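Just below is one structure, and these are the notes that go with it.
Just so you know, these numbers come straight off a predicted model, no measurement behind them. All values below come from the heavy atoms of this structure, side chains included, with hydrogens, waters and symmetry mates left out. In what follows, chains carry the letters A, B, and so on, assigned in the order in which the sequence lines appear, proteins first and then strands, with residues in each chain numbered from 1.
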Amino acid sequence: MRASARVVGGGALLLVALVAFTPIAETLHGGVEPPALSPADAIVVLGSGVMPEGELTDNSLRRTVHGIRLFRQGLAPRIVLLGPAYHGAVEAEVRARYAADLGVPVAAVLVEPEGISTRDEAERVLARLGGRRGPSIILVTGLQHMARARRVFEREGMTVAAAPVLEDSLRPQKPQARLALARAIVQEAIARAYYRMAGAS
Amino acid sequence: MDSLYLLLLFALTSVALVAVGARVLGLRATSLRGALARVLELSGFTVLLTVVNVAAGFLLVLALRFLTGTFVSLYLNTDAMLVLMSVLQAAALQWWIASRDGDDG
């Protein structure tokens with residue numbers, strides 16, 4: 001058992017060193033191409049967290065601003081802002097206040113704070129956008145999360161155009177940032193496998 | 001550059017550590033190999049226990065969702081603290097096995 005542990009440990013340390021000190025995570029990711037977007041029925045901005053103080057987390061703010069920019073470009077008449085309550089603050093409501101402050105008409109904003117998973121959010125968005133007829137949406141979420149989220153929304157019958165938000169640099173220079181990127185890639189790969197097993201994508 | 005800096009720092013302090021160990025603490029250079037093997041062992045046990053902890057956490061979250069009907073995030077199991085706690089478990093397991101093998105230093 002100790003000999004096996006040494007082999008596993010050696011392999012793990014070698015892997016960590018490779019990920020931290022070489023651009024292997026960057027190579028694995030493959031990069032991102034800017035999407036060509038055309039008008040849709042709605043812009044859908046997935047949640048990413050809010051602080052107990054009521055301020056959006058960095059990633060949530062990036063997604064919110066990206067969604068508002070797309071709305072201001074006239075790409076959809078409605079914007080759906082998602083995000084549940086964390087520690088008493090409701091992410092979707094905080095985002096709606098940002099949208100109002102940045103000039104989005106209140107009537108164009110749909111607030112959806114009840115979703116508890118990407119799959120559940122897709123069902124709720126479909127219901128909010130009118131039910132059976134498959135609406136077209138521009139989906140705003142993190143780059144790592146986009147592939148899985150897109151499949152989940154398409155499975156609900158929506159036509160999805162992806163508008164991913166870069167949340168971590170794909171060319172990290174510091175070992176810690178490289179490890180974070182690798183962790184995000186692995187985490188999302190596991191989540192995709194889980195969704196596939198659960199029949200959600 | 002950041003990577004090179006950290007690697008250089010690590011190399012410098014490692015060389016200094018070996019020098020202090022040999023000259024100040026009177027440690028034998030030949031026993032260093034065994035110490036490094038134990039480091040690999042600890043890393044291996046840490047990997048194993050991290051996998052166990054994450055898998056158990058995954059099942060626990062699914063069970064909590066099922067039993068309580070409320071949302072519990074699977075991402076709770078991706079906190080970096082879980083790796084540090086796995087290191088503690090791994091160290092305890094390593095020393096426990098070592099004591100069984102009559103190798104408890």
| field | Closest approach of A:Leu46 to A:Ala149 (non-hydrogen atoms, all atoms of both residues) | value | CD1-CB, 3.8 Å

| Distance from B:Leu8 atom CG to B:Leu12 atom CG, nearest 0.5 Å? | 4.5 Å

| task | Pick one of side chain, backbone, both or neither for A:Gln173, based on which atoms fall under 4.5 Å of a heavy atom in chain B. | result | both

| request: Flag the pair A:Glu114 and A:Arg124 as a salt bridge only when some basic side-chain nitrogen lies within less than 4.0 angstrom of an acidic carboxylate oxygen. | output: no

| If you count heavy-atom pairs under 4.5 Å between each of A:Ala5, A:Gly11, A:Pro175, A:Ser117 and chain B, which one has the most? | A:Ala5

| What part of B:Leu42 is in contact with chain A, defined as an atom under 4.5 angstrom from a non-hydrogen atom: side chain, backbone, both or neither? | neither

| field | Region of A:Ala3 in contact with chain B, defined by heavy-atom distances below 4.5 Å | value | neither

| request: Using a strict 4.0 Å threshold on nitrogen-to-oxygen distance, state whether A:Glu167 and A:Arg63 make a salt bridge. | output: yes

| Contact part of B:Tyr5 toward chain A, heavy-atom cut-off under 4.5 Å: side chain, backbone, both or neither? | neither

| note | Within residues 43-63 of chain B, the residues sitting under 4.5 Å from chain A by heavy atom, in sequence order, are B:Ser43, B:Gly44, B:Phe45, B:Val47, B:Phe58, B:Leu62

| message | Applying salt bridge (Lys or Arg N to Asp or Glu O under 4.0 Å) to A:Arg119 and A:Glu123, what does each step give before you reach the verdict? | response | CA-CA 7 Å; A:Arg119 180 172 36 178; A:Glu123 290 170 2; 5.5 Å; no

| Single hit among A:Glu91, A:Arg69, A:Arg95 for side chain to side chain donor-acceptor pair (under 3.5 Å) with A:Thr64 | A:Arg95

| note | A:Ser38 and A:Leu75 have their tightest heavy-atom pair at C-CD2, 4.0 Å

| message | Between A:Arg62 and A:Asp58, does any NZ, NE, NH1 or NH2 come within less than 4.0 Å of an OD or OE carboxylate oxygen? | response | no

